[in-house]
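Keep in mind that the numbers below use all heavy atoms, side chains included, and drop hydrogens, waters and symmetry copies. Since the model is a prediction, treat every value here as computed from it, not as a measurement. Residue numbers begin at 1 in each chain, while the letters A, B, ... track the order of the sequences.
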Protein chains: 2
Amino acid sequence: MAKYKEIADYLEREILDGKFDKTKKLPTEDELIKHFEVSRNTIRKAINQLVNRGYIYQVQGSGMFLRERSVTDYINLGSLRGLTKDLPSKIIETKILALHVLKADEVKAKQLRCEVGTDLYYIKRLRIVDKEPFSIEVSYFRKDIVPYLNEDIATSSIYTYIIEDLKLSIGFADKVINCDKIDEESAGVLHVNPLDPALIIENTVSLTNGTIFEVSKSIFHYQKAKILNRINFK
Amino acid sequence: MAKYKEIADYLEREILDGKFDKTKKLPTEDELIKHFEVSRNTIRKAINQLVNRGYIYQVQGSGMFLRERSVTDYINLGSLRGLTKDLPSKIIETKILALHVLKADEVKAKQLRCEVGTDLYYIKRLRIVDKEPFSIEVSYFRKDIVPYLNEDIATSSIYTYIIEDLKLSIGFADKVINCDKIDEESAGVLHVNPLDPALIIENTVSLTNGTIFEVSKSIFHYQKAKILNRINFK
DNA sequence: AAGTGGTCTAGACCACCGT
DNA sequence: CGGTGGTCTAGACCACTTC
């Protein structure tokens, strides 16, 4: 891994461990340069990661400060980490409702920018948080890119498998968020009343080379799910 | 303005004007370096802005490519641009439902990290898109930071005023998204039925020095509003 | 092998904050 | 004024894609 990423991950760990909580201030760039023995650019790239991840903000002439930590448990839009890391204080369970291979119809082919008839993994999962139904996730993966999936993988973390075992590198994603009245079937699964609200995220994920390999749709329990997005301007 | 930002804005304009639509590919770094007569780092910083704004992606060894343009009109989470720029094909109108100064109570003081009793501008606005009610926005601004506001400013763009006239620089924001059954009053204003869903964004905005100067809550028409978030991993 | 983006270094000068 | 972050340059070498 690149130096700047290692430094960023190291500092992220320290931030999460509360190392800078007393002062709410990070060491200066010069101090970090000396500590890690790298050039200023490398330190600044590492810091940039932390800024983009929403941990800190920089004030010219003054220093680098911790952003307020969000106390409640939120779904983090900008990470690949998954529910387990987003909701660390909760018990997360996953139940596979369906997992099989099917052929892309016209709609899916268009969404995935692939040919009609391409093999896709179809996966439907129920996510359970603290023993209560939390969300329903329906995903389609291109089988030519993700050649094998099973219940074990889908129960733990598909993304960990894709990144660490298949060595694929994920580049970017489009997320569309909206809300609507829930459909009857989902209402039953999530234990809400028909026509209650549902928070919906539609997700299109690409590899670094631009190939779309997954589209998914998640339906969240409207009282249990909150999404947090931390934004930087500059 | 910094060189890299000027270059980024210039290239953004070219992208939006469709200059690279045929090839879906940007010039190489070397070409940009020669064209703008700057160092490689400066070009790379400019390009990084475009990546973060969701316009392009980079492929090592290959080049820089346009991301698919989203056809439909979405609210862009990661920008300060406001509805007018997010929904360029629509007619946007704003109706001021309330605008006055009040004192921060305990709840607002805590949200804004200020003293109880601090003067705040309270603004309630109805946003109308293509002649139909779209969202209700309730905002609180710290009056010691935004000392003056009126109906004209609140009708056009508060952020343009804050940035260009007050010369304040906005640093970062926390956005919490959820959905819920709409309250009765808002249902009437947005022309939906009571207990219909509502998409809600709560927003906490800070200056570059970390001071929170605004908190707001927007309630969107559940059938009309879709939020788009473009994410990069790396 | 040539082309193109990714990482890293070393050094200079500027802009802003706080004392 | 000293400390700290922001911008910019010039150059080197690496990693991946494409042919």
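Using a 4.0 Å heavy-atom distance criterion, A/K234 is classed as a sugar-phosphate-only contact.
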Could you walk me through whether B/R69 and B/D21 pass the salt bridge (charged side-chain N to carboxylate O under 4.0 Å, His left out) check?
CA-CA 10 Å; B/R69 222 182 305 185; B/D21 280 2; 2.9 Å; yes
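In terms of position on DNA chain C, the residue among B/D30 and A/E37 whose nearest nucleotide sits closer to the 5' end is B/D30. Taking for each of A/E31 and A/N41 the nucleotide of DNA chain D with the nearest heavy atom, the 5'-most of the two is the partner of A/E31.
A donor-acceptor pair shorter than 3.5 Å cannot be found between the side chains of A/R127 and A/S135. Counted by atom type alone, A/D73 and A/S89 present one or more donor-acceptor pairs between their side chains at under 3.5 Å. Counting only N and O atoms by type, the side chains of B/N209 and B/T211 include a donor and acceptor under 3.5 Å apart.
Taking the 5' to 3' direction, DNA chain C first and last meets chain A under 4.0 angstrom from a heavy atom at C/dT7 to C/dC17.
Aromatic ring centres of A/Y10 and A/F36: separated by under 6.0 Å.
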